[in-house]
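Note that ligands are numbered from 1 as they come in the structure, with each ligand's atoms numbered from 1 the same way.
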Amino acid sequence: MDAVTAHTTSGRGHLYGSVLDTIGDTPAIRINRLAPKGVELYVKAEFFNPAGSVKDRLALSIIDEAERNGSLRPGQTVVEATSGNTGIGLAMVCAAKGYPLVVTMADSFSVERRKLMRMMGARVVLTPRAEKGLGMYRKAVELAEANGWFLARQFETDANARIHENTTAREIIGDFADQRLDYWVTGYGTGGTLAGVARVLRHERPETKIVLSEPANAQLLGSGHVQARHADRSPAESHPAFEPHPIQGWTPDFIPHVLQEAVDDRLYDELIPVAGPDGVDWARKLAKTEGILTGVSGGATFAVAMQIAERAEQGAVILCMLPDTGERYMSTPLFEAIPEEMTEEEAALSRSTPGYWLG
Ligand code: PMP
């Protein structure tokens, strides 16, 4: 790139009235060095959302809809069970709009998540990891009932898939309007991203194959076991195919109602399991080889997208979701091999010129 065509910017053309107005419109970015020849691979980088994940969209949607239909009163406390990103998104939305927030979360999720929520004013009530997703879910229900709080219900509310229909899907349709789009690849936590985007793709891009992934050691959908459910759509049992897995934000130990609707409507074409360590490996490769910093679920989704890319026909175009930022995983196995102190090689570099310091 010469000086004439160097990177320049000119602002977004308007001022923003609130941090919440910056949610969505995340970029689809081409993968240049890792993609196999002859295939175009793009990632939809949800870490461009202001609180760093795809769940900012859902948090805004739940609070906006509840304000509009009157189920959330001014100043009422909001409560939700979350593996972290919904809580961080809700903490941002509640801080910006002035609602108190209480989050219930299993103690197995990264400590960065707790701190980020507390930084934005939320209170975080931990639940034991042995009680899995259902444990934190039940605690949120208990707290809501005991205190008359507003329960956000991300696993059951229609506001979840709806926001992805109205935003995530519209962005994909717009960005790929004049392009092939042969495959769209995603994982699931609540299933909101899948349900919302897939509904739109099925209508407007019926040729696009929808590929869904789940952890290899927790194949809730792959097992075929039907989730027992109460009349209010909430899960009635811990799913027997669940095992703790390292892909934070992916499946809890039950099939959420939001996901079940997508399954019933046949909103995916292929289900490909992925091992947690592969998610870690690919998140590292994305960081090191493309400069794209995403979490383990992003790495896992990308691992599946690479499998598709390897076998796809020449000219195929693939889009892969990256749900959150890698910075949310500093205390986890994703960063385990990353040293804090200077390595031998770095110390040798320090010694190699006169101005050196070895700490
Ligand atoms: N990855 C991460 C890191 C997440 O936090 C979530 C949301 N739980 C997902 C993926 C899955 O998104 P969804 O809930 O829309 O299925």
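Close contacts between ligand 1 and N85 involve ligand atoms 2 (C), 3 (C), 4 (C), 5 (O) [criterion: under 4.0 Å to a heavy atom]. Listed by number with element, the atoms of ligand 1 under 4.0 angstrom from any heavy atom of P323 are 1 (N), 2 (C), 10 (C). Annotation for ligand 1: atoms under 4.0 Å from non-hydrogen atoms of G189 are 11 (C), 12 (O), 13 (P), 14 (O), 16 (O). Within ligand 1, the atoms closer than 4.0 Å to a non-hydrogen atom of D324 are 3 (C), numbered from 1 in the order shown. Close approach of ligand 1 to S297 (heavy-atom distance below 4.0 Å) involves ligand atoms 1 (N), 2 (C), 3 (C), 10 (C). Atoms of ligand 1 lying under 4.0 Å from any heavy atom of Y329, numbered from 1 in the order shown and given with element: 3 (C). Within ligand 1, counting atoms from 1 as listed, the ones closer than 4.0 Å to a heavy atom of Q248 are 2 (C), 3 (C).
Looking only at side-chain heavy atoms (C-beta outward), Y188 and T251 come within less than 4.5 Å of each other. Looking at heavy atoms from C-beta onward, M117 lies in side-chain contact with M105 at the 4.5 angstrom threshold. Under the 4.5 Å side-chain criterion, counting only non-hydrogen atoms from C-beta, L286 is in contact with I31. Residues W250 and T301 are in side-chain contact: their nearest non-hydrogen atoms beyond the backbone lie under 4.5 Å apart. Between S213 and L271, every side-chain heavy-atom pair lies at or beyond the 4.5 Å cut-off.
Y16 and H14 have tilted rings, their planes meeting at an angle from 30° to 60° on a 0 to 90° scale.
Under the 4.0 Å criterion applied to side-chain N and carboxylate O atoms, E112 and K115 are not assigned as salt-bridge partners. Using a 4.0 Å cut-off between charged nitrogen and carboxylate oxygen, E171 and K44 count as a salt-bridge pair. Of the charged side-chain nitrogens involved, none lies within less than 4.0 Å of a carboxylate oxygen, so that D25 and R57 do not count as a salt-bridged pair.
Of the protein's non-hydrogen atoms, T193 OG1, 2.6 Å is the one closest to atom 15 (O) of ligand 1.
Using a non-hydrogen distance threshold of 4.0 Å, F47 does not register as a contact of ligand 1. The shortest heavy-atom distance from L194 to ligand 1 is not under 4.0 Å.
The local environment of CD in E346 is crowded, with over 12 non-hydrogen atoms from other residues, nucleotides or ligands closer than 6.0 Å.
Polar contact check, K55 against ligand 1: a nitrogen or oxygen pair lies under 3.5 Å apart. Of the N or O atoms in Y188, none lie within a sub-3.5 Å distance of an N or O in ligand 1. Among the atoms of T190, some N or O lies under 3.5 angstrom from an N or O of ligand 1. Not one N or O of R113 is nearer than 3.5 Å to an N or O of ligand 1, by distance alone.
Evaluated by nearest non-hydrogen atom to atom 8 (N) of ligand 1, the leading choice among G191, G192, G249, G187 is G249.
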